[in-house]
Protein chains: 2
Amino acid sequence: MAGWEDIRAEVLARIRSRAWPLGALIPGEEALAQEFGVARATVNRALSELARVGVLERKRKAGTRVAALPVRKASFDIPVIRAEVEARGEIYGLRLLYLAIERPPVPVVARLGQDVGDMVHVQTLHLATGRGFVVEDRWLNRAVVPDPMPDFGAVSANEWLVAHVSYATGDISFAAEGAGGWEAEAMGVTDGAAVFVTERCTWAPEHPITWVRLVHAPGYRLSTLL
Amino acid sequence: MAGWEDIRAEVLARIRSRAWPLGALIPGEEALAQEFGVARATVNRALSELARVGVLERKRKAGTRVAALPVRKASFDIPVIRAEVEARGEIYGLRLLYLAIERPPVPVVARLGQDVGDMVHVQTLHLATGRGFVVEDRWLNRAVVPDPMPDFGAVSANEWLVAHVSYATGDISFAAEGAGGWEAEAMGVTDGAAVFVTERCTWAPEHPITWVRLVHAPGYRLSTLL
DNA sequence: AAGTGGTCTAGACCACGCA
DNA sequence: GCGTGGTCTAGACCACTTC
């Protein structure tokens with residue numbers, strides 16, 4: 001019996017073999033269902049999957065075509081830092097460097113897209129077996145933090161958030177920068193050393209939650225399967 | 001009428017409100033289908049989607065539970081460099097720096113996981129409106145390159161591959177490094193400047209296809225929505 | 001052995017986007 | 001309009017995992 005994964009494999013084979021060239025329109029779901037002897041829903045499952053990963057482009061009425069420039073999509077996990085350290089078999093440590101309620105600088109407000117006044121500003125150092133692993137610089141909307149503030153020296157803001165302010169939209173970006181200032185000092189690297197930097201911004205449906213900048217120790221690598 | 005997206009929203013709301021705490025087992029599909037007055041397939045679609053993005057964990061017989069440490073997954077596109085440059089409204093240019101058939105160094109063979117003897121070695125500079133955008137260092141399995149070799153000075157190996165050797169598995173990784181050697185020179189940056197580096201390895205089902213290292217111009221940023 | 005999620009079917013209706 | 005993909009249903013069988 002042909003399952004949706006078999007259909008997917010067959011479609012991929014036809015694309016690879018150029019039976020269905022790049023950019024070409026392929027037969028409709030009904031036709032393929034007949035040809036393969038399966039229900040239309042099964043074909044739909046296979047084609048939807050291929051569209052999700054960028055191999056096909058589907059539009060109602062227009063039909064399904066092979067992506068002209070197959071844009072590969074890759075996905076990766078955004079782990080809680082503690083889990084990431086422990087997954088390497090190292091011992092996690094956390095050191096609170098700075099904590100205050102103050103006005104965020106203009107760039108942070110801009111990234112959040114909305115001014116919510118004073119915010120909770122937390123700077124922490126995440127350790128892997130005693131060595132600096134990540135320097136975290138975070139601004140939190142006071143509206144999401146309870147009044148007796150959690151002890152961010154014991155549980156990282158990162159971890160507290162995923163457990164208490166679940167689900168939100170946001171964006172994330174990665175860049176290479178030369179280390180500098182307090183971040184370089186906290187991490188214990190020389191000024192100008194190349195470091196991997198993650199910046200993330202998250203919103204609840206109606207208000208910003210947090211902006212965070214993570215400076216990873218030199219040698220850090222973000223990797224995933226295609 | 002309740003569609004699968006409504007079910008998804010309701011499930012998310014229950015998780016957010018702690019009606020279903022982190023790590024807790026939630027009712028089975030049949031029960032939820034009855035409660036929401038929809039078919040089980042609709043509930044399945046919603047829960048599968050949530051499992052795919054890491055909010056739920058599902059196991060046959062064991063049931064569905066809320067992920068204890070919700071690992072957010074992000075996905076991003078791996079565009080063809082020309083498309084990336086043009087998407088910025090800049091003019092794409094390509095300069096072939098080096099082309100030879102030679103033995104790959106040990107690290108490259110190791111990453112590919114299989115020794116295929118001599119390979120095609122291509123080094124190119126991708127330009128955005130005349131300025132260096134990406135330095136590409138690529139090793140290609142000779143088995144995937146036709147005998148009159150394509151003109152890699154006209155069409156980048158990158159682009160030629162997606163059009164002619166479609167679909168493969170592989171891995172990709174990102175890191176920050178200090179620029180150096182011919183790469184720094186080709187890009188026109190000072191030695192030691194922080195650059196964003198992408199390394200990618202792709203395989204056909206039975207043999208390696210290519211290994212490539214991309215050094216992006218300073219200031220490059222990889223970003224995506226969560 | 002039994003319960004749960006994973007998938008398939010045949011049919012149906014709907015929404016979108018072209019003409 | 002009208003064709004295509006998107007989704008839903010009710011029922012069924014299967015695969016996996018835990019008991």
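Numbered from 1 within each chain, the chains take letters A, B, ... in sequence-line order. Reckoned from all heavy atoms, side chains included, excluding hydrogens, waters and symmetry mates.
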D:dG5, OP1 or OP2 - any side-chain N/O from A:Thr64 closer than 4.0 Å? yes
Rounded to whole Å, the CD-C1' distance (B:Glu49 to D:dT7) equals 13 Å
Between CG of B:Leu56 and P of C:dT4 the distance, given in whole Å, is 16 Å
Answer yes or no: does a side-chain N or O of A:Thr42 lie under 4.0 Å from OP1 or OP2 of C:dT9?
-> yes
Atom CD1 of A:Ile26 and atom P of D:dT4 are separated, to the nearest Å, by 13 Å
Only residue of A:Arg82, A:His126, A:Glu84 satisfying side-chain hydrogen bond (donor to acceptor under 3.5 Å, both in side chains) with A:Tyr92 is A:His126
Whichever of A:Lys59 and A:Glu5 has the more 5' nearest nucleotide on DNA chain C, that residue is A:Glu5
I'd like to know whether CZ of A:Arg131 has more than 12 heavy-atom contacts from other residues, nucleotides or ligands below 6.0 angstrom. no
(Q) Taking CG in A:Leu25 as the centre, count heavy atoms belonging to other residues, nucleotides or ligands within less than 6.0 Å. Is the count above 12? (A) yes
_Between A:Thr202 and A:Thr169 (side chain of the first, backbone of the second, donor and acceptor by atom type, cut-off under 3.5 Å), is there such a pair?_
no
note: A:Phe36, atom CZ; C:dT9, atom C1'; distance rounded to Å ~ 17 Å
By nearest-nucleotide position on DNA chain D, the 5'-leaning member of B:Val43 and B:Ala62 is B:Val43
Show me the protein contacts with nucleotides 10-16 of chain C, counting only N or O atoms at under 3.5 Å.
| unit_1 | atom_1 | unit_2 | atom_2 | d |
| --- | --- | --- | --- | --- |
| C:dA12 | N6 | A:Arg40 | NH2 | 3.0 |
| C:dA15 | N3 | A:Arg60 | NE | 3.2 |

A:Arg65 CZ to D:dG5 C1', in whole Å, measures 14 Å
Here the residues of residues 27-35 of chain A within 4.0 Å heavy-atom distance, strictly under, of DNA chain C are none
- A:Arg213 with A:Asp137: basic N within carboxylate O range, under 4.0 Å: no
Nearest-nucleotide check on DNA chain D, A:Gly63 vs B:Trp4; residue mapping nearer the 5' end is A:Gly63
Q) Does B:Arg58 have a side-chain nitrogen or oxygen under 4.0 Å from the phosphate oxygens OP1 or OP2 of C:dG6? A) yes
From CZ of A:Arg45 across to C1' of C:dT9 the rounded distance in Å is 15 Å
Among D:dT7, D:dC8, C:dT7, the one nearest any side-chain atom of A:Asn44 is D:dT7
Taken in chain and number order and not counting sequence neighbours, the residues that satisfy side chain to side chain contact (heavy atoms under 4.5 Å, CB included) with B:Thr198 are B:Ile172, B:Phe174, B:Phe196, B:Leu214, B:His216
Requested in this report: State plainly whether the residues B:Arg65 and B:Glu57 are in salt-bridge range, i.e. N to O under 4.0 Å.
Outcome: no
Verify, without hydrogens or angle tests, whether A:Asn141 (side chain) and A:Ala143 (backbone) share a donor-acceptor contact under 3.5 angstrom.
yes
Rounded to the nearest 0.5 angstrom, the CZ-CD1 distance for B:Arg45 and B:Ile7 is 12.5 Å
